[in-house]
Amino acid sequence: MAVVIITGVLRELGPSVQEASGHIGSTHYTYVEFEDGRILRNISVVGGLQGKLDAALEDEGPVELHLAQGGKKSDLVIAIKGSDGKTFAVDLGGGAALGYITIAGAVVLGIFMLPLFGAGLLFLWFGWRTWHGLRIVQLARQHVRGLAQAILV
């Protein structure tokens with residue numbers, strides 16, 4: 001559950017599925033292949049970074065992909081540094097208050113519903129998954145804030 005930086009020359013972007021929810025779209029790739037043979041599986045790209053990843057594929061120089069790992073379904077590209085030295089990152093703004101309220105509610109319901117045939121375990125699991133997702137976003141947000149001269153898209 002950390003942010004990793006992978007450097008290399010992109011060779012191929014695998015089949016993708018584009019999703020749109022509200023004002024932000026995302027693209028999910030089944031794989032991303034580098035020239036040295038490394039393959040990253042289940043990679044998601046959010047918002048404006050999609051165009052930057054396409055441009056990095058056309059670029060023949062090495063690129064840096066900053067990936068937030070730890071998601072259940074896929075890793076998330078949070079920043080791309082091209083061979084020209086420019087770093088583009090996703091804006092992970094927003095508060096976490098609603099997430100903490102959801103966690104507190106799930107824990108309280110879980111404790112009170114535990115005697116009811118263990119139904120409280122479902123709420124406790126939901127609270128843990130919410131906390132886990134919130135922690136991934138916080139680590140990614142800290143990483144993006146630490147990138148010098150990153151252009152937020």
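Keep in mind that what you see is a predicted model, and the values were worked out from it rather than measured. These values consider heavy atoms only, across backbone and side chains, with no hydrogens, waters or symmetry-generated copies.
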Ignoring hydrogens, what is the shortest heavy-atom contact between [X] and [Y]? Give both atom names and the distance.
{"X": "F126", "Y": "A106", "result": "CD2-CB, 3.9 Å"}
{"X": "T7", "Y": "P62", "result": "CG2-CB, 4.3 Å"}
{"X": "A89", "Y": "L49", "result": "N-CD2, 4.1 Å"}
{"X": "A56", "Y": "L10", "result": "CB-CD1, 3.9 Å"}
{"X": "G127", "Y": "I103", "result": "O-CG1, 3.8 Å"}
{"X": "Q50", "Y": "V45", "result": "N-CG1, 3.4 Å"}

Any chain of hydrophobic side-chain contacts (each under 4.5 Å) joining [X] to [Y]?
{"X": "V4", "Y": "I43", "answer": "yes"}
{"X": "V46", "Y": "F88", "answer": "yes"}
{"X": "L134", "Y": "W128", "answer": "yes"}

- Message: Can you confirm if the NZ or CZ of R38 lies within 45° of the ring axis of F34 and under 6.0 Å from the centre of its six-membered ring?
- Response: yes
- Message: If you apply the rule side-chain contact (heavy atoms from CB on, under 4.5 Å), what do you find for N42 with D75, and how did you get there?
- Response: CA-CA 6 Å; N42 297 326; D75 295 335; over 6 Å; no
- Message: Using salt bridge (charged side-chain N to carboxylate O under 4.0 Å, His left out), reason through E33 and R11 one step at a time and then give a plain yes or no.
- Response: CA-CA 6 Å; E33 184 178 1; R11 177 190 296 173; 2.9 Å; yes
Calculate, to the nearest 0.5 Å, the distance between atoms [atom1] and [atom2] belonging to [X] and [Y] respectively.
{"X": "L67", "Y": "I80", "atom1": "CG", "atom2": "CD1", "result": "9.5 Å"}
{"X": "I6", "Y": "L40", "atom1": "CD1", "atom2": "CG", "result": "4.5 Å"}
{"X": "F112", "Y": "F123", "atom1": "CZ", "atom2": "CZ", "result": "13.0 Å"}
{"X": "R141", "Y": "I78", "atom1": "CZ", "atom2": "CD1", "result": "11.0 Å"}

- Message: Applying side chain to side chain contact (heavy atoms under 4.5 Å, CB included), can you list everything that pairs with L13, at least two apart in sequence or on another chain?
- Response: Y29, V32, L53, D54, L57
- Message: Show, in sequence, the C-alpha distance, side-chain angles and deciding distance for L147 and H66, and conclude whether the side-chain contact (heavy atoms from CB on, under 4.5 Å) test is met.
- Response: CA-CA 10 Å; L147 294 173; H66 299 245; 3.8 Å; yes
- Could you please spell out the steps behind the side-chain contact (heavy atoms from CB on, under 4.5 Å) verdict for L114 and L121? CA-CA 6 Å; L114 199 54; L121 291 176; 3.8 Å; yes
- Apply side-chain contact (heavy atoms from CB on, under 4.5 Å) to the pair H143 and L139, showing each step before the final yes or no. CA-CA 6 Å; H143 181 78; L139 289 172; over 6 Å; no
